[in-house]
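Below is one structure, written out as structure tokens, with a few remarks after it.
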Amino acid sequence: LSRETHRRAVLGLQGLWPGRRFTGAAGVSAALREMHALQLDPLNIGARSQDIALYGRVLGYEPSALHAMAYQRREAFDYGDWLNLYPIETFRFWRTPMRRARQHPFLAEFREKHPEAIRNVKRALRERGPLANRDFSGNALGEWSYRGRKDSALALHLLWLLGDVMITERRGFGRVYDLCERVLPVEHAVMASSREAEDHFARHVVALHGLLREKSWRRQWGMRVGREAANLRGARKLAEMLESGTFVRVGVEGSRENWLTLRETLPLLGELEAGRVPDAWKPLGPSTEEEVTLLAPLEIASARGRAKPLFDFDYVWEVYKPAHVRRWGYYTLPVLWGDRLVARLDPRFERASGTLELLGFWLEEDGSATPGFVDALANGLARFARMLGAQRVDASRVRPARLAAQLRKQLAARLG
């Protein structure tokens with residue numbers, strides 16, 4: 001594959017290119033299934049990462065649509081140390097990692113030390129219905145834990161990891177728990193076998209990335225099925241998936257490694273190599289050439305070092321860095337134009353004044369602020385502002401100054 005096809009394949013398989021192809025309530029569900037997983041994060045500076053991700057995929061997206069899809073229509077569930085939202089029909093496969101979690105040293109130790117806390121939490125949920133951590137008085141723990149300061153908080157978290165309780169709704173971003181049997185739709189309550197789960201996660205980690213380095217596959221698979229299983233059966237499982245034709249090896253221009261993809265993606269890759277956009281990917285609204293998309297900080301295509309080999313774009317989310325060592329900004333987001341990352345900006349939504357502030361803006365190439373880019377940037381920022389409920393965009397800190405002047409004029413025309 002050419003590097004261009006590689007970029008476009010990863011973006012397209014994630015629903016980000018060449019434009020939004022989902023819309024409405026059904027579109028939020030369809031986008032999640034296209035993504036395979038949506039990482040959740042509580043920080044809300046401009047918008048939360050999960051809302052930025054869906055704004056980039058769903059035409060006319062509003063944050064309330066995510067809550068309705070996951071917690072009212074029960075089409076998704078959240079789970080994992082790296083908190084992700086998954087399609088509800090995959091819950092049956094997660095029963096295997098949940099069962100394996102019982103042997104985790106920390107969880108086993110907590111169960112041994114605090115059995116009464118676990119019993120009290122389950123009894124309270126059974127008798128009182130859905131409850132949040134704040135609804136439990138609990139006992140103070142003698143040691144620090146980022147999961148909470150009370151034994152009841154850790155008991156809730158443990159029961160969630162084990163699949164005994166689920167998150168039934170969120171208040172803001174706060175979790176409200178209930179017993180699994182009262183949350184999980186009955187048609188999804190059957191547990192998959194260990195073999196079915198291993199097969200599911202073998203496919204899942206490749207589908208999640210679109211194209212995955214072969215040498216990364218066993219580690220990714222092991223994160224879902226357990227390191228011991230990956231060490232014992234990883235080589236055999238990979239050979240099995242290749243022999244059955246589920247996986248296909250491909251080469252990528254500039255890379256000496258083997259890459260894995262799913263066989264059903266081959267026709268899409270062929271279309272891209274021929275310079276065509278697959279029919280299934282035709283956008284319902286503006287293309288990413290006509291309107292830039294701000295990528296979420298936890299976007300699978302660009303987070304955790306993936307932006308550098310794929311886009312030659314050095315992206316680091318700097319929220320956890322001290323201010324004096326940040327190179328760009330607190331909540332900086334990559335700017336996707338066409339199939340390239342061409343800039344980054346640091347947004348903040350000032351809710352009191354209804355203003356989307358651009359605290360910083362950096363072009364990758366100084367000469368790239370063409371009229372076409374300025375139009376696309378204004379279109380993308382206007383859509384982002386509308387998703388937030390912002391009435392205006394403050395671009396006074398954008399540099400160069402000429403770009404700021406053009407951008408302010410374009411935004412005024414779009415937002416009034």
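Any value given below was found using the heavy atoms of this structure, including those in side chains, with hydrogens, waters and symmetry copies removed.
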When you check the gap from the basic side-chain N to the acidic O, do R195 and D199 get nearer than 4.0 Å?
yes
Pair E318 + R327, salt bridge at N-O below 4.0 Å
no
Would you say R263's side chain and V248's backbone share a donor-acceptor pair under 3.5 angstrom?
no
Any donor-acceptor N/O pair, K150 side chain to N133 backbone, under 3.5 Å:
yes
Heavy-atom check, side chain of L377 versus side chain of W337, under 4.5 Å:
no
Hey, do the aromatic rings of F384 and Y55 have their centres closer than 6.0 Å?
yes
Tell me if a side-chain donor or acceptor on Q391 pairs with a main-chain N or O of G389 at a distance below 3.5 Å.
yes
Under 3.5 Å, is there a donor-acceptor pair linking the side chains of T168 and R74?
yes
Ignoring hydrogens and geometry, is there a side-chain-to-backbone donor-acceptor pair from D135 to A132 under 3.5 Å?
yes
Work out which heavy atom in L156 is nearest to a heavy atom in V165; give both atom names and the distance.
O-CG2, 4.0 Å
Inter-residue atom distance E198.CD - E240.CD, 0.5 Å rounding:
9.0 Å
What I'd like to find out is whether the side chain of V10 reaches to under 4.5 Å of the side chain of W17, using heavy atoms alone.
no
F136 and S152: which non-hydrogen atoms are nearest, and at how many Å?
CB-OG, 3.5 Å
Quick check on E116: does its CD atom have over 12 non-hydrogen neighbours (other residues, nucleotides or ligands) under 6.0 Å away?
yes
Can you confirm whether L359 sits close enough to Y330 that some side-chain heavy atom of one is under 4.5 Å from a side-chain heavy atom of the other?
no
Gap separating the CG atom of D394 from the CG atom of L411, nearest 0.5 angstrom:
10.5 Å
State whether a side-chain donor-acceptor pair under 3.5 Å links Y71 with D78.
yes
Going through the distances and angles, do R392 and S353 end up as a side chain to side chain donor-acceptor pair (under 3.5 Å)?
CA-CA 9 Å; R392 59 187 294 269; S353 63; 5.6 Å; no
For E243, look at atom CD and say whether over 12 heavy atoms of other residues, nucleotides or ligands are found less than 6.0 Å away.
no
So which atom in L333 and which in P347 form the shortest heavy-atom distance, rounded to 0.1 Å?
CD1-CG, 3.8 Å
F311 ring centre to R3 NZ or CZ under 6.0 Å, with the angle to the axis within 45°?
no
Side-chain donor-acceptor pair under 3.5 Å between D51 and Y61, yes or no?
yes
So among W221, W217, W94, which one has a ring pair (Phe, Tyr, Trp, His ring centres under 6.0 Å) with F201?
W94
Start with the C-alpha gap between L1 and E273, add the side-chain angles, then the distance that decides, and say whether side chain to side chain contact (heavy atoms under 4.5 Å, CB included) holds.
CA-CA 7 Å; L1 305 177; E273 276 288 280; 4.1 Å; yes
To the closest 0.5 Å, what do you measure between CD (E264) and CG (L269)?
11.0 Å
Over 12 foreign heavy atoms within 6.0 Å of NZ, K308:
yes
Side-chain donor/acceptor of Q50 to backbone N/O of D41, under 3.5 Å:
yes
Mind listing the closest non-hydrogen atom pair of P286 and R383 along with its distance?
CD-NH2, 3.8 Å
Inter-residue atom distance L310.CG - R340.CZ, 0.5 Å rounding:
9.0 Å
The reported gap from CZ in R102 to CG in L162 (rounded to nearest 0.5 angstrom) is 4.5 Å
Pair L179-D164, side chain to side chain contact (heavy atoms under 4.5 Å, CB included): steps then yes or no
CA-CA 6 Å; L179 298 174; D164 293 344; over 6 Å; no
E364 and D312, any side-chain heavy atoms less than 4.5 Å apart
no
Can you check side chain to side chain contact (heavy atoms under 4.5 Å, CB included) on H204 and T90, steps first, answer last?
CA-CA 10 Å; H204 167 81; T90 67; over 6 Å; no
Hey, are R344 and Y315 close enough side-chain-wise for a donor-acceptor pair under 3.5 Å?
no
Which heavy atom in F313 sits nearest to a heavy atom in P334, and how many Å separate them?
CE2-CB, 3.9 Å
Carboxylate-amine/guanidinium contact R20 E291, below 4.0 Å:
yes
Taking C-beta and beyond as the side chain, do V319 and Y331 meet within less than 4.5 Å on heavy atoms?
yes
I'd like to know whether CD of E62 has more than 12 heavy-atom contacts from other residues, nucleotides or ligands below 6.0 angstrom.
no
Between S193 and E196, is there a donor-acceptor pair closer than 3.5 Å when you use the side chain of the first and the backbone of the second?
yes
Less than 4.5 Å apart, side chain to side chain, heavy atoms only: is that true for L336 and L11?
yes
Answer yes or no for R175 and W160: cation-pi contact, defined as NZ/CZ to six-membered ring centre under 6.0 Å and angle to ring axis within 45°.
yes
How far does CD1 of I300 sit from NE2 of H209, to the nearest 0.5 angstrom?
4.0 Å
Smallest heavy-atom separation, L85 atom then L66 atom, equals CD2-CD1, 3.6 Å
Is R48 close to P63 at the side-chain level, that is, under 4.5 Å between some pair of heavy atoms?
no
Give the intermediate values and the outcome of side chain to side chain contact (heavy atoms under 4.5 Å, CB included) for residues M241 and L260.
CA-CA 10 Å; M241 302 302 278; L260 300 174; over 6 Å; no
Check whether any side-chain N or O of T261 sits under 3.5 Å from a backbone N or O of G210 as a donor-acceptor pair, and report yes or no.
yes
Counting only heavy atoms from other residues, nucleotides and ligands, does the tally under 6.0 Å from CZ of R134 exceed 12?
no
Is T355 reaching over with its side chain to a backbone N or O of E357, donor-acceptor style, under 3.5 angstrom?
no
Looking at F173, I'd like to know if the NZ or CZ of R170 sits under 6.0 Å from its six-membered ring centre while staying within 45 degrees of the ring's axis.
yes
N/O donor-acceptor pair under 3.5 Å between R92 side chain and H188 backbone:
no
Spell out, as yes or no, whether a donor-acceptor pair under 3.5 Å connects the side chain of R57 to the backbone of G27.
no
When you look at CZ of R227, are more than 12 heavy atoms from neighbouring residues, nucleotides or ligands closer to it than 6.0 Å?
no
Flag side-chain contact, heavy atom, 4.5 Å: E75 against V28:
no
Just checking, any donor-acceptor pair under 3.5 angstrom between side chains of Q220 and R224?
yes
